[in-house]
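Scroll down for the structure; my scribbles are underneath it.
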Amino acid sequence: MRPGTRSDTVCVMDDAGDESNEPRQRSWLFTGPFDKRLAFFTDTMRAISRHRDPQELVADYYRRMYEAFPTDGYLAVSRRDLSSPKYKITRSSTWGIDFNPWLDGDTKPLFDRGLLGKLIYEGQPAIFDDLRGAYEPDDPAAEYLDGMRSMTAVPMFDDGESLNMVVFLLKEPNGFDRDRLPDQVWVHNLFGRATNTLVLRKQIAKTNHQLRDANEAVGKIQKTLLPERLPEITGVRLGTFYDSSEQAGGDYYDFFEIPGGKLGIFMGDVSGHGTPAAVLMAVVHAIAHAIENPPHPDPPGRLLAHLNHHLCERYTRRGGTFVTAWYGILDPKTRKLTFANAGHPPPRLKHDNTRDDDKAGKTGPLVAGRARSLPLGIDPHETFPEGEVQLESGDVLVAYTDGITEAREHGGRGMWGIEGLDASLSNCRCGPKTLIDDLIQKLTDYTGGSAPEDDRTIVTAKLD
C-alpha cells in the first residue's frame, strides 16, 4: 500500500527505510498507572463541570489533552450549518488559544475541497502514518499540513452527523498509536457534547435575556394603554389595581366618559400570558377606541359585539385565543348600572355597611338578567344581552380578573376563590382605593407573597 493511502478507517504506510514504525505517541493515559489515570480523568471532569463559557472550556481541554497526548499541532474543522462540500478550519495550534470561533469564526475562509473536507464528510476516524502524497500541493489546508508526517482525524458527532472534526499532527511518520484511536473517539466526542451543551446553554441564556428585554418593552408599551388617570365623574369614586404575572400581561381595564355624566367601565382578560396576550390586549384596546357612530361605546352589548366581530374576523379564530370581558355603564344620577358579560367573572357588588336594611355590608355577584355570553373571539354570531341593576348610595362595584380568585394558598393546594374575596370585601368599610389596598394585603397574606401565576386586576367604583 502506498504511503498516505487509507484502508477502511485507518490510513497506513509501508515501512520507510530507517524510519521507525514505533509510534511516538505512547501516552500513559490509557496504559499508565491506575491511580495516575484515575486522577487525571477525575480532575478533568471536575474542571469541565465548572466551566460556563465554551471558549474557556476548549482552552482548558486542549491544554489537558496536550499534557496527555503531546503533539506538534492540532486543527479543528467544522461543517456545521454548511452544505456539502463546504467546511472551515475553526481552530489551529498556530493561532493560539485566544482565537474564539464563536465570535471570530466569520473571519475564516470557507473551503470546498481537499483532504480535510473529504474526511469530515465521510465521518470516519482515520490515522495517517505518512502524509506524503495524501493531499495535493494546492490543497487549501496545505499550509496547516506541510511539514507534518503523521495525522489522526477524529469526527465529532451531533445528531448522528459528523459536523466537527479534531485533527492531531506530528512531524515524524508512524507517530500515532492506532490502538488508542477508539479511546480518542469517545474521549473527544464526550468533550464535544460538553462543549455543545455549554453553547446551547449560552444561546438559551441569550434568548431568555432577549425575551425578557422584549417582554419588558412590551410591558412598558402595554402600561401606556391603561388609563393614565382616573376619570373624574361626579358621584363616583374609583380605584384600580394591576399586577401582571410576567413583564407583559393580558389583563386590561379601561374607562369611557359617556355623554350625560355616565361612566363606562371595561374589564378584559386575554387567554394565555406574556407577550402574546399583551399584544392581543393592545388589539382589544385599539378596537374598543375605534368605535364610531356614535363615537362612544354605548350600550354595553354594542361594544362587546363590535369587539367580537373584529376579533373573530382577523385575530383569534385561527390562533385559538379568546378574551373574556365585562362592560358596564354607570349612571351616577339614577344609580343604574347597565352591563353585558362575555364569559367574564361577574363583578361583586358590596353594599354599604352603614345601611339599616338586610343588605347592609353584604357582598354578592352582579348577575341581573343572566347577562352572560361566550368570550370574545370564539363565535362571530354570538350575541351579548344586557342586564340592569339598581344601585344605592354607598354601594361599591368590584370588577376583577380570575387571577384574583385563582391565587393559590401559600404552602397548600387551595385557591382564594369567591369566598376569600367576599370575606375580605364584607369586612371593609373603606373607600375604593383603601378597599383595594386592604384586599391585596389579605390576598398577599393568603399566598405568602408568592409571585402571581396569572395577571391580577381590580377596578372598584363607589357611589356617593
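FYI, side chains are in, hydrogens and waters are out, and symmetry mates aren't considered; it's all heavy atoms of this structure. Small disclaimer: the values here were computed from a predicted structure and weren't measured.
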(request) Check whether any side-chain heavy atom of Val389 lies under 4.5 Å from a side-chain heavy atom of Lys336, and answer yes or no. (result) no
(request) Check the angle between the aromatic planes of Tyr144 and Trp95 and answer parallel, tilted or perpendicular using the 30° and 60° thresholds. (result) perpendicular
(request) Taking all heavy atoms of Ser424 and all of Trp416, pick out the closest pair and write down the distance. (result) OG-CZ2, 3.2 Å
(message) Measuring from atom CG of Asp379 to atom OG of Ser373, what distance do you get when rounded to the nearest 0.5 angstrom?
(response) 10.5 Å
(message) With side-chain contact (heavy atoms from CB on, under 4.5 Å) as the criterion, how do Ile404 and Leu443 come out once you've worked through the C-alpha distance, each side chain's angles and the decisive distance to 0.1 Å?
(response) CA-CA 8 Å; Ile404 297 292; Leu443 180 61; 4.1 Å; yes
(message) Please find the pair of heavy atoms, one from Phe157 and one from Gly160, that lie closest to each other, and give the distance.
(response) CD2-O, 4.1 Å
(message) Tell me whether Asn308 contacts the main-chain N or O of Gly377 through its side chain, where contact means a donor paired with an acceptor under 3.5 Å.
(response) yes
(message) Once you measure the plane-to-plane angle for Phe266 and Phe256, does it fall in the parallel (<30°), tilted (30-60°) or perpendicular (>60°) bin?
(response) perpendicular
(message) Nearest 0.5 angstrom please: Leu190 CG to Thr44 OG1, how far?
(response) 12.0 Å
(request) Supply the atom-to-atom distance Asn189 CG to Ser162 OG, rounded to the nearest 0.5 angstrom. (result) 8.5 Å
(message) Quick one: does any side-chain atom of Thr405 pair with a main-chain N or O of Gly417 as donor and acceptor, under 3.5 Å?
(response) no
(message) Does His344 form a ring-ring contact (aromatic ring centres under 6.0 Å, His included) with Phe339? I'd like the steps, not just the answer.
(response) CA-CA 12 Å; His344 197 80; Phe339 60 91; over 10 Å; no
(request) Please report the closest heavy-atom contact between Pro345 and Asn341, naming both atoms and the distance. (result) C-ND2, 4.4 Å
(request) Would you confirm whether Gln390, through its side chain, and Thr334, through its main-chain N or O, come within 3.5 Å as a donor-acceptor pair? (result) yes
(request) Would you mind checking if Lys462 and Asp395 are paired as a salt bridge, meaning a charged N to carboxylate O distance below 4.0 Å? (result) no
(message) Taking Ala39's backbone N and O only, do any of them form a donor-acceptor pair with Thr42's side chain (distance below 3.5 Å, no angle check)?
(response) no
(request) With sequence neighbours excluded, give me every salt bridge (charged side-chain N to carboxylate O under 4.0 Å, His left out) pair touching residues 78-87. (result) Arg79-Glu161, Arg80-Asp158
(message) When you compare the side chain of Leu82 with that of Leu110, does any pair of heavy atoms fall below 4.5 Å?
(response) yes
(request) Taking atom types as modelled, find out whether Asp254 and Tyr252 have a side-chain donor-acceptor pair closer than 3.5 angstrom. (result) yes
(message) Looking at Gly239, is its backbone amide N or carbonyl O close enough to the side chain of Lys433 to form a donor-acceptor pair, meaning the two atoms are under 3.5 Å apart?
(response) no
(message) I'd like to check Val154 versus Met165 (side-chain heavy atoms, cut-off strictly below 4.5 Å). Are they in contact?
(response) no
(request) Could you walk me through whether Thr434 and Asp438 pass the side-chain contact (heavy atoms from CB on, under 4.5 Å) test, one step at a time? (result) CA-CA 6 Å; Thr434 311; Asp438 183 73; 5.6 Å; no
(message) Working to the nearest 0.5 angstrom, can you tell me the gap between Tyr327 OH and Leu304 CG?
(response) 9.0 Å
(message) Pairing donors with acceptors under 3.5 angstrom, does anything connect the side chains of Thr401 and Asp251?
(response) yes
(message) Could you check whether Glu453 pairs with Arg408 (Lys NZ or Arg NE/NH1/NH2 to Asp/Glu carboxylate O, under 4.0 Å)?
(response) yes
(message) When you measure from the side chain of Ser93 to the backbone of Tyr74, do you find a donor-acceptor pair of N or O atoms at a distance under 3.5 Å?
(response) yes
(request) Output yes when Arg335 and Asp331 qualify as a salt bridge under the 4.0 Å nitrogen-oxygen rule, no when they do not. (result) no
(request) State yes or no: are the ring centers of Phe111 and Tyr87 separated by less than 6.0 Å? (result) yes
(request) Using the side-chain contact (heavy atoms from CB on, under 4.5 Å) rule, take Leu397 and Ile265 through it: C-alpha gap first, then chi angles, then the decisive distance, then the call. (result) CA-CA 10 Å; Leu397 178 72; Ile265 302 173; 4.2 Å; yes
(request) Of all the heavy-atom pairs spanning Ala342 and Phe384, show the shortest one and how long it is. (result) CB-CE2, 3.7 Å
(request) Determine yes or no for a side-chain-to-main-chain donor-acceptor pair under 3.5 angstrom, with Glu382 supplying the side chain and Leu374 the backbone. (result) yes
(request) Would you name the heavy atoms of Pro140 and Gly114 that are closest together and state the gap between them? (result) CD-CA, 4.3 Å
(request) Under the side-chain contact (heavy atoms from CB on, under 4.5 Å) rule, what do Met156 and Val185 come out as? Steps first, then yes or no, please. (result) CA-CA 8 Å; Met156 301 170 74; Val185 171; over 6 Å; no
(message) Counting neighbours of NE2 on His289 that are heavy atoms of other residues, nucleotides or ligands and sit closer than 6.0 Å, is the number greater than 12?
(response) yes
(message) Quick check for you: to the nearest 0.5 Å, what is the distance between Arg456 atom CZ and Asp269 atom CG?
(response) 13.0 Å
(request) Please name all residues satisfying ring pair (Phe, Tyr, Trp, His ring centres under 6.0 Å) with His51, sequence neighbours left out, ordered by chain then number. (result) none
(message) Rounded to the nearest 0.5 Å, what separates atom OG1 in Thr321 from atom CG in Leu280?
(response) 5.0 Å
(request) Verify, without hydrogens or angle tests, whether Thr338 (side chain) and Glu388 (backbone) share a donor-acceptor contact under 3.5 angstrom. (result) no
(request) Establish, from distance only, whether the side-chain atoms of Gln441 and Asp445 form a donor-acceptor pair under 3.5 Å. (result) yes
(request) Heavy atoms only: give me the nearest Leu116-Ala141 pair and the separation to one decimal. (result) CD1-CB, 3.6 Å
(request) Look at Arg302 together with Asp298 and state whether they make a salt bridge at an N to O cut-off of under 4.0 Å. (result) no
